[in-house]
Amino acid sequence: IIGYFDTIHDVDVVSDIIDRIRRSGKPCVSINTYVEDFICLKLDNQTGLRDILDHLYEEHKVRSIYYISGAPDNTDATERLQTVRTFLRERNITFTKDSIYYGNYTYPSGYKGMDALIRSGRPLPDAVVCANDKMAIGAISRCREEGIRIPEDLIITGYDDSDLARIHQPGITTVKRSEVYSGSLAYQLARDAVISGTHPHPQNIYGEAVFSASCGCSEPSAMNVSDLRDQLMSQIFTTETETYLIKTLLAEITSLNSYEDFLSILRSFACKLSLGDIYISLCGNQEQYQREIENTTNGIGAGRDVTR
């Protein structure tokens with residue numbers, strides 16, 4: 001069993017899942033959350049980010065930072081923010097609540113975070129550090145509207161080393177953290193535990209700083225941005241936003257107590273998503289689930305009334 005428990009936002013649901021896993025007697029790899037008696041795989045949030053902060057301080061003489069964080073109830077967001085706080089405190093650099101904007105890892109929240117800083121009327125800091133690449137790109141978009149040049153007027157960094165960070169102009173200075181590798185390693189650990197009956201020691205996956213043009217460490221490539229590319233970027237961000245909404249919907253569903261509450265939440269999210277149709281499959285067992293998958297694949301069931 002592999003569990004990514006900090007993606008479930010209801011503590012009671014997480015507790016129930018953990019209890020069920022313990023009762024099953026099956027080995028479980030927990031990614032990013034320490035659970036006693038489970039095999040723990042930790043995605044480090046400090047090493048790569050500290051390397052970027054140290055680079056900004058030493059190489060670019062950054063002495064003031066505005067931080068666009070993830071949600072405060074997210075483990076990664078909390079640890080990354082604490083890393084920034086600790087680093088700046090060690091160097092006696094002022095960092096107050098006004099130096100932080102809480103986003104949600106999406107492009108729009110990065111845009112809004114930068115907009116809040118610009119509208120505040122405060123002088124620009126030396127750098128804006130973002131908790132992921134999407135928010136960094138959102139912040140850069142708002143800067144462009146204001147005529148703020150990156151990195152000449154303001155350094156902006158991200159986190160995740162995403163494809164978007166690599167194709168964006170300027171390229172985003174970021175932290176490489178392989179979640180794909182973590183999934184593969186989690187599977188290997190779970191498999192080894194089943195085969196050998198042993199309990200592997202906790203393991204960490206450390207981030208790696210990637211320096212690029214958004215902090216001034218490489219020249220922007222001479223790429224002409226076509227209308228087609230702009231359209232592609234727009235589609236990517238639309239998909240990312242809708243994926244986030246779906247994840248939020250799934251998280252809220254885990255804490256519901258009635259079918260009526262489920263329909264109410266579903267209707268509210270359906271209005272936010274550009275969907276033509278919604279098909280819900282409520283299955284009581286795996287066999288029924290497989291039948292529904294086959295029906296959906298064959299086009300059977302389209303147009304069913306969701307309230308039935």
Side-chain angles (χ1 to χ4, degrees), residues 1-49 70-71 73-80 82-83 104-105 131-134 159-163 174-210 239-240 243-244 246-256 281-294 296-297:
I1 299 173
I2 298 173
Y4 210 150
F5 301 114
D6 69 352
T7 63
I8 303 174
H9 301 285
D10 190 304
V11 294
D12 293 330
V13 171
V14 172
S15 179
D16 180 61
I17 292 173
I18 290 173
D19 287 342
R20 289 169 181 260
I21 293 173
R22 285 194 171 121
R23 290 197 299 271
S24 76
K26 306 292 185 182
C28 179
V29 178
S30 174
I31 300 177
N32 239 23
T33 302
Y34 174 78
V35 181
E36 189 175 358
D37 301 326
F38 286 9
I39 304 163
C40 294
L41 180 59
K42 178 64 177 172
L43 298 173
D44 173 73
N45 282 297
Q46 300 180 15
T47 306
L49 182 53
D73 61 348
N74 178 270
T75 300
D76 288 334
T78 301
E79 292 181 355
R80 292 173 197 176
Q82 187 56 47
T83 298
N104 58 16
Y105 289 131
N132 79 338
D133 295 335
K134 296 171 198 170
Y159 201 108
D160 288 336
D161 190 33
S162 63
D163 291 340
T174 183
V175 176
K176 182 177 183 179
R177 185 177 95 152
S178 179
E179 293 191 338
V180 173
Y181 172 69
S182 71
S184 175
L185 180 57
Y187 167 75
Q188 293 176 32
L189 292 173
R191 180 177 179 274
D192 292 345
V194 170
I195 294 173
S196 66
T198 60
H199 192 292
H201 295 295
Q203 297 197 34
N204 290 330
I205 297 178
Y206 295 98
E208 177 185 352
V210 179
T239 300
E240 294 288 352
T243 300
Y244 170 78
I246 291 171
K247 288 181 177 179
T248 304
L249 168 62
L250 293 174
E252 293 201 18
I253 286 175
T254 60
S255 63
L256 299 179
S281 175
L282 301 178
C283 303
N285 54 56
Q286 185 67 20
E287 182 179 339
Q288 184 184 4
Y289 171 75
Q290 292 298 335
R291 285 201 305 271
E292 289 294 337
I293 290 294
E294 292 175 4
T296 302
T297 303

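Predicted, not measured: the structure shown is a model, and the values here were computed from it.
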Give the intermediate values and the outcome of side-chain hydrogen bond (donor to acceptor under 3.5 Å, both in side chains) for residues Asn45 and Arg177.
CA-CA 9 Å; Asn45 282 297; Arg177 185 177 95 152; 3.2 Å; yes
From [X] atom [atom1] to [Y] atom [atom2], the distance as rounded to the nearest 0.5 Å:
{"X": "Ile31", "Y": "Tyr4", "atom1": "CD1", "atom2": "OH", "result": "6.5 Å"}
{"X": "Lys134", "Y": "Tyr244", "atom1": "NZ", "atom2": "OH", "result": "10.5 Å"}
{"X": "Gln46", "Y": "Glu79", "atom1": "CD", "atom2": "CD", "result": "6.5 Å"}
{"X": "Phe5", "Y": "Phe38", "atom1": "CZ", "atom2": "CZ", "result": "5.5 Å"}
{"X": "Ile21", "Y": "Ile2", "atom1": "CD1", "atom2": "CD1", "result": "11.0 Å"}
{"X": "Asn204", "Y": "Ser182", "atom1": "CG", "atom2": "OG", "result": "12.0 Å"}

What's the shortest heavy-atom distance between [X] and [Y], and which atoms?
{"X": "Asn74", "Y": "Tyr105", "answer": "OD1-OH, 3.3 Å"}
{"X": "Cys40", "Y": "Tyr34", "answer": "SG-CD1, 3.5 Å"}
{"X": "Gly70", "Y": "Ala131", "answer": "N-CB, 3.7 Å"}
{"X": "Ala71", "Y": "Ala77", "answer": "O-CB, 3.2 Å"}
{"X": "Gly48", "Y": "Ala209", "answer": "O-CB, 3.9 Å"}

Could you check whether any side-chain heavy atom of [X] comes within less than 4.5 Å of a side-chain heavy atom of [Y], counting everything from C-beta outward?
{"X": "Leu185", "Y": "Leu41", "answer": "yes"}
{"X": "Ile39", "Y": "Cys28", "answer": "no"}
{"X": "Ile1", "Y": "Val29", "answer": "no"}
{"X": "Arg80", "Y": "Thr75", "answer": "no"}

Report the residues that fulfil side chain to side chain donor-acceptor pair (under 3.5 Å) with [X], sequence neighbours left out, ordered by chain and then residue number.
{"X": "Ser162", "value": "Asp133"}
{"X": "Ser184", "value": "Gln188"}
{"X": "Glu208", "value": "none"}
{"X": "Asp44", "value": "Thr47"}

Would you list the pairs meeting side chain to side chain donor-acceptor pair (under 3.5 Å) in which at least one residue belongs to residues 23-32, sequence neighbours left out?
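Only Asn32-Asp76 qualify under side chain to side chain donor-acceptor pair (under 3.5 Å).
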Qualifying salt bridge (Lys or Arg N to Asp or Glu O under 4.0 Å) pairs with a residue from residues 11-21, counting only residues at least two apart or across chains:
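For residues 11-21: Asp16-Arg20.
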Report, as yes or no, whether the 6.0 Å neighbourhood of atom NZ on Lys42 holds more than 12 heavy atoms from other residues, nucleotides or ligands.
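For Lys42, atom NZ is crowded (more than 12 foreign heavy atoms under 6.0 Å).
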